2 protein chains.
Amino acid sequence: MLNSYSSADKVLLAVDCIIFGFDNEGLKILLIKRDFEPEKGKWSLMGGFLKRDEVLDDAAIRILNTYTGLNDIYMEQLYAYSEIDRDPVERTISVSYYALINIENHNAELIKNYHAQWFSVADAPNLIFDHNEMVQHAIRRLRYRTSIKPIGFELLPEKFTMRQLLELYEAILSKELDKRNFISKINSLEILNKLDEKDMQSSRKGSYLYTFNKEKYEEKLLNDFVLNL
Amino acid sequence: MLNSYSSADKVLLAVDCIIFGFDNEGLKILLIKRDFEPEKGKWSLMGGFLKRDEVLDDAAIRILNTYTGLNDIYMEQLYAYSEIDRDPVERTISVSYYALINIENHNAELIKNYHAQWFSVADAPNLIFDHNEMVQHAIRRLRYRTSIKPIGFELLPEKFTMRQLLELYEAILSKELDKRNFISKINSLEILNKLDEKDMQSSRKGSYLYTFNKEKYEEKLLNDFVLNL
DNA sequence: AATTATTAATGTAGATTTTACACTTAAAGT
DNA sequence: ACTTTAAGTGTAAAATCTACATTAATAATT
């Protein structure tokens, strides 16, 4: 019988999380040093096994929480990896998820509780299993996402300057953008509130701070647009 | 211990295949009438369980072959579905795949061997489990794909008219396209060979037949473009 | 043989969008 | 008051996109 449930093989199903962060040094990913075998001591994505009574989205949230203490992070499913020997211990299929978080808001907790560490995407260490591939895949997805949905709310501090937003986009797309063109394209999305307040850290003149207009931002999350940067 | 392999739950991992076809009536999907419980007799995607020694891509190919006799169909992974009760018999996570095939080349075999049937995407029957959702998801993906990669090679006969190609795009995007603008945009991709031969079925005047330029087509498959139709 | 009917094939002007590019301004520091 | 630094701002040319109508080729009909 082709489709008998009882004769079908069962497998371990893992979830691995790619967490992107951003600070003024650029785009970062969060990695942990494995504290168990195999590959103990090597750098790795945060991963764990799906539980019997759990959906994948929840597993991703739980696993992220386990390793970082982070709560309520919206993660997006990326891809299922199934090479036979991708995990040397036992046949394991892994579904990857990615999320964007703000480094500064969470740094303290991270460092305190776990051997987790932020790395620049550009010079991250070699990772276990197929995790390097997952990261590359996630970056591609993030780039694509940037062209159809707003980005930044999750990655930037609540108040941010236009330069910070520009540099975020430059980091994700890994190319230079024209400042004036960028500003007018971003403004045309109408997702920003310009505050009266200025940030005086970065220059003598100071630069205006912005916040995201949450309603407009979320509307744009639902209704994709096309943004050619 | 957080990550012990031995204590982790194992699950059934299924693969479901969304097969798109195209003929002069529009975009179609291929469905089977389940010949086993649960939901025996209802319409369903072609699905099966991943084997222990098999990667997902191969499982998709095997399952498609099992239900249609089709070989060597390139399928693309779509998404992993994991709602707890999505399959009423047993906890099953399903990874969906989609593919594009040419209806005419394969019809005979299909009908002969299985209770498989083509349905217009527009008026397909209600499907079991979460298969409706999978189909909707696949259509969205197909639309997106159409805007960044060439399409048609897998769906159209070897020789086809510009009108057939136009109607394929219209079916996928479910909107009318301006014929002249379409032609010039497609031509700018430089993936077509115009033959000296004409198809005389469709009109008195006859319309030129085209083939895809395989090299150019495959190059464009690798290097995405932007196609605004 | 001439006429009719049908779909194929083709080009352009105006609107919109994108791109490239440089000077002035505000404020702090000296 | 002078210097320094990054912020802020507009436009003209180029490229792309859109809307749109006539002629051409052939088979079928008379």
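Worth saying up front: this structure is predicted, and the values here are computed from it rather than measured. We name chains A, B, ... by the order of the sequence lines, and we start the count at 1 in each one.
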Would you list the protein and nucleotides 22-24 of chain C atom pairs, both N or O, that sit under 3.5 Å from each other?
residue	atom	partner	partner atom	Å
dA22(C)	N1	Arg180(A)	NH1	3.2

Q.
Tell me which pairs pass ring pair (Phe, Tyr, Trp, His ring centres under 6.0 Å) where either residue lies in residues 167-196 of chain B, with sequence neighbours left out.
A. Tyr169(B)-Phe182(B)
Q: Using heavy atoms and a sub-4.0 Å distance, could you list which residues of residues 181-188 of chain B are near DNA chain D? By number, please.
A: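 Within residues 181-188 of chain B, the residues near DNA chain D are Asn181(B), Lys185(B).
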Q: Mind running a 4.0 Å heavy-atom check of residues 164-177 of chain B against DNA chain C and sending the residues that fall below it, in number order?
A: none
Q. Quick one: ring pair (Phe, Tyr, Trp, His ring centres under 6.0 Å) partners of Phe119(A), sequence neighbours excluded?
A.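 For Phe119(A) the ring pair (Phe, Tyr, Trp, His ring centres under 6.0 Å) partners, ignoring immediate neighbours, are Trp43(A).
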**Q.** Non-neighbouring partners of Tyr98(B) that pass ring pair (Phe, Tyr, Trp, His ring centres under 6.0 Å), sequence neighbours left out
**A.** none
Q) Which heavy atom in Pro150(B) sits nearest to a heavy atom in Ile191(B), and how many Å separate them? A) CB-CD1, 3.8 Å
Q: Would you tell me whether Ser94(B) and Asp16(B) have side-chain atoms, one donor and one acceptor, within less than 3.5 Å of each other?
A: yes
Checking [X] now: which residues fulfil side chain to side chain contact (heavy atoms under 4.5 Å, CB included) with it, not counting sequence neighbours?
X	value
Glu158(A)	none
Arg62(A)	Lys51(A), Glu54(A), Ala59(A), Thr66(A)
Glu219(A)	Asn223(A)

Q | Helix axis bend for the helix from dA1(C)-dT30(D) to dT30(C)-dA1(D) - C1'-based end axes, five pairs, 10° rounding | A | 10°
Q.
I want to verify a distance call: between dA5(C), dA9(C), dA26(C), whose nearest atom is closest to the Arg204(B) side chain?
A. dA5(C)
Report, one line per pair, each donor and acceptor closer than 3.5 Å where one atom sits in a side chain of residues 132-143 of chain A; sequence neighbours left out.
residue	atom	partner	partner atom	Å
Asn132(A)	OD1	Leu127(A)	N	3.2
Asn132(A)	ND2	Asn126(A)	OD1	2.8
Asn132(A)	ND2	Leu127(A)	O	3.4
His137(A)	ND1	Tyr81(A)	OH	2.8
Arg141(A)	NH1	Gln77(A)	O	3.4
Arg141(A)	NH2	Leu78(A)	O	3.1
Arg143(A)	NE	Ile172(A)	O	2.8
Arg143(A)	NH2	Ser174(A)	OG	3.2

Q | Span of DNA chain D, from the first to the last nucleotide whose atoms fall under 4.0 Å of chain A heavy atoms | A |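 The protein-touched segment is dT4(D) to dG10(D).
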